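Notes follow the structure.
First the proteins, then the strands, lettered A, B, ... as listed; each starts at 1. No experiment lies behind these values; they were computed from the predicted model shown. Worth knowing before you read on, the calculation uses all heavy atoms, side chains too, and leaves out hydrogens, waters and symmetry mates.
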Amino acid sequence: MLLIDVARVSEEVARTSARLGKIRLLAELLGRVERAEAEIAISYLSGELPQRQVGVGYRSLRDLPEPRQVATMTLGRVDDLLERIKAQTGPGSQAARRALVTELFGGATRQEQSFLVRLLTGELRQGALDGVMIEAIARASGAPSAEVRRALTLRGWLPAVGSAALTGGVEALRAFQVEVGRPVAPMLAQSAPTVTAALEKIGGEAALEWKLDGIRVQAHRSGEVVAVFTRTLDDITAQVPELVEAVRELPYDDLILDGEVIALRPDGRPEPFQVTAARVASRTDVARLREATPLSVFFFDALRLRGKDLLDLPDAERHAALSDAVPESLLTPRLVTADPAEGEAFFAEVVRRGHEGVVVKSPQTPYAAGRRGAGWIKVKPRHTLDLVVLAVEWGSGRRQGKLSNIHLGARDPETGGFVMLGKTFKGLTDELLAWQTERFLQLADGPTDGWTVHVRPVQVVEIAFDGVQRSTRYPGGMALRFARVLRYRDDKTAAEADTVDTVRSLLL
DNA sequence: TTCCGACAGTGGGGTCGCAAT
DNA sequence: ATTGCGACCCCACTATCGGAA
């Protein structure tokens, strides 16, 4: 199959707003792709590369060669070039990669170049990724989409699942089983503003667990072999020796556990997320790093124990099995209650100890691998500040032509100026986007680079955020974590906005 | 007919490793 | 030594479609 066939379908999918229409278009293409190229086609049309990453991003694609007039590239040829690009390492590799990128794009038409750029930068923007592709595979193969989804959560890579479905139908999909050493898509949580609201959603008794601000881990053990995976199924076994040792000491040797690793201070309080993240990301000199910043692990779920899959069991039963297999010191603290007052007190205590919040879990739900099911609901405290808008950036995609990402500043009483604390584009409705575009064009002040519009610092905005972290990027040395817009405040002037001192007091 | 679950999109700050400067 | 880039940790929120109620 030619790349142009895939690029054309992608554009047609992007033009189609109906999801069923997108599914029909994708299924039609899957129906005529050769088996040998099915993985590549599925991969490209769900916005990922078979190579996963090849070391080429937005910056490397700035100036491309002139496009061809006639489309001749096959999927196999593109895949081969991407494979060679990925294989470049060591001195001279950047030039070699650049040459191969030129070769790839020089063989492509304008339409193909556009598709490849979006594919390589991870911005396909056709309104269809895994979720829609699952349905398309189901339709093209005749297998129920639930079977496709189930196979995906166990295999972790849709092209392999889709290719199997197209070749062998439902039977091939059923052959995918939980396999120790191969990560399962982790279950995710929804969120609620308070524990009371979360309990109400679940209805009746629920389990409340500490939410630790670390790195999610899935630990596998087969015999003495241990492997550890992240939320996106990357292998980080070598970076977390403490976890590997802890799992080796467990009495069972065929298991998959779900948990969190986190760096704790000697007094048991958590280190800032940045400390845990830096430790886990470091691959060099791990032995020395673990002396200075040891990691602790806390498990909260068991997907497999003693060779038995537990995914389909209700939470309460999985947790009973977990607490039977794992010592208390490795278990995430947990309280089972139906009483909102008791739940809120538990939440307050967890926050007082410096942790991120709680996860409220329904005792009945099975492990919904890969889904953001209603069985788990996270609750975190929320801070707010009244800040001043210093500048705005033009949006992209569906926000093209709208001023979108706003720069946030706190008042500095010493200088009478404002100190930037970060940016946000979250929490804006279409109505608000339209309003702020007009408002900030009126307030525009000073030079613009065509991207950022600086404004007179007069507009106050109420911002919600999770916390203040240390920053080397901003002049105040601090930045807001997960900032989002709550509302514009026209009842306050910039002189009444919150100060950097207020923000600094939240840093400790 | 209305409601709501699932998805895709739009980006945020911080960190590491690697190659180039 | 420093800088630029790619990749991946953490993530919130809104709009939309289409099946469920």
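The residue A:Lys22 sits apart from the nucleic acid: no heavy atom pair falls under 4.0 Å. Using a 4.0 Å heavy-atom cutoff across all strands shown, A:Asp213 reaches no nucleic acid atom at all. Backbone-only contact: A:Ala479 has heavy atoms under 4.0 Å from sugar-phosphate atoms and none from a base. Counting any heavy atom pair closer than 4.0 Å across all strands shown, A:Lys201 reaches no nucleic acid atom. When heavy atoms are screened at a 4.0 angstrom cut-off, A:Val132 is found touching the sugar-phosphate backbone but no base atom. Across all strands shown, A:Ala128 has heavy atoms under 4.0 Å from sugar-phosphate atoms exclusively, and none from any base. Counting any heavy atom pair closer than 4.0 Å across all strands shown, A:Arg149 reaches sugar-phosphate atoms only and no base atom. Counting non-hydrogen atoms under 4.0 angstrom, A:Val56 reaches the backbone sugars and phosphates but no base. Across all strands shown, A:Glu123 has no heavy atoms under 4.0 Å from either base or sugar-phosphate atoms. Counting non-hydrogen atoms under 4.0 angstrom, A:Ala278 reaches the backbone sugars and phosphates but no base. Within 4.0 Å of A:Val217, counting heavy atoms only, lies no atom of the nucleic acid at all.
Between A:Arg231 and C:dC10, a side-chain N or O to OP1/OP2 separation shorter than 4.0 Å is present. Regarding contacts with the backbone of B:dG13, a side-chain N or O of A:Tyr474 is found under 4.0 angstrom from either OP1 or OP2. For B:dT10, neither phosphate oxygen OP1 nor OP2 lies less than 4.0 angstrom from any side-chain nitrogen or oxygen of A:Lys402. Taking only side-chain nitrogens and oxygens, A:Ser60 never comes nearer than 4.0 Å to OP1 or OP2 of C:dC5. For B:dC16, the OP1/OP2 oxygens have no side-chain nitrogen or oxygen of A:Arg283 closer than 4.0 Å. Phosphate proximity of B:dT10 to A:Arg125: present, with a side-chain N or O under 4.0 Å from OP1 or OP2. OP1 or OP2 of B:dT15 has at least one side-chain nitrogen or oxygen of A:Gln274 nearer than 4.0 Å. For the pair A:Lys378 and C:dC10, the criterion of a side-chain N or O lying under 4.0 Å from OP1 or OP2 is not met. Contact between the side-chain N/O atoms of A:Gln53 and the OP1/OP2 oxygens of C:dC8 is found at a separation under 4.0 Å.
Both A:Gly131 and A:Asn405 lie close to DNA chain B; mapped to their nearest nucleotides by heavy-atom distance, the more 5′-ward contact belongs to A:Gly131. Both A:Arg481 and A:Ala281 lie near DNA chain B, and the one whose nearest nucleotide falls closer to the 5' end is A:Arg481. The residue among A:Arg62 and A:Glu431 whose nearest nucleotide of DNA chain C is located toward the 5' end is A:Arg62. Nearer the 5' end of DNA chain C, as judged by each residue's closest nucleotide, is the contact made by A:Gly214, out of A:Ser191 and A:Gly214.
If you measure from atom NE2 of A:His407 to atom P of B:dG12, you get 8 Å, rounded to the nearest angstrom.
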Shorter than 3.5 Å, N or O on both sides, protein versus nucleotides 18-21 of chain B: list them out with atom names.
{"unit_1": "B:dA19", "atom_1": "OP1", "unit_2": "A:Gly90", "atom_2": "N", "d": "2.4"}
{"unit_1": "B:dA19", "atom_1": "O4'", "unit_2": "A:Gln94", "atom_2": "NE2", "d": "3.4"}
{"unit_1": "B:dA20", "atom_1": "OP1", "unit_2": "A:Gly92", "atom_2": "N", "d": "3.2"}
{"unit_1": "B:dA20", "atom_1": "OP1", "unit_2": "A:Gln94", "atom_2": "N", "d": "3.4"}
{"unit_1": "B:dA20", "atom_1": "OP2", "unit_2": "A:Gly92", "atom_2": "N", "d": "3.0"}

Self-check item: A:Arg484/A:Ile463 under side-chain contact (heavy atoms from CB on, under 4.5 Å): CA gap, chis, key distance, verdict
Solution: CA-CA 6 Å; A:Arg484 59 267 189 190; A:Ile463 295 294; over 6 Å; no
Exercise. Would you sort out whether A:Leu243 and A:Val247 count as a side-chain contact (heavy atoms from CB on, under 4.5 Å), showing the intermediate values?
Key: CA-CA 6 Å; A:Leu243 174 46; A:Val247 171; 3.8 Å; yes
Exercise. Please step through salt bridge (charged side-chain N to carboxylate O under 4.0 Å, His left out) for the pair A:Glu209 and A:Lys361, ending with a clear verdict.
Key: CA-CA 8 Å; A:Glu209 291 174 350; A:Lys361 299 183 173 178; 2.7 Å; yes
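Contact of the A:Lys86 side chain with the A:Gln53 side chain is registered, since non-hydrogen atoms from C-beta on lie closer than 4.5 Å.
If you look at A:Tyr488 and A:Trp435, their ring centroids are closer than 6.0 Å.
Donor-acceptor pairing under 3.5 Å is recorded for the side chains of A:Ser10 and A:Gln126. Side chains of A:Arg439 and A:Gln459: a donor-acceptor N/O pair is present below 3.5 angstrom, by distance only. Between the side chains of A:Ser505 and A:Thr502, no donor-acceptor pair of N or O atoms lies under 3.5 Å.
Remark: B:dT10 base-pairs with C:dA12; criterion is Watson-Crick or G-U wobble with both hydrogen-bond distances under 3.5 Å.
Salt bridge status for A:Glu260 with A:Arg231: absent, with no side-chain N to carboxylate O gap under 4.0 Å.
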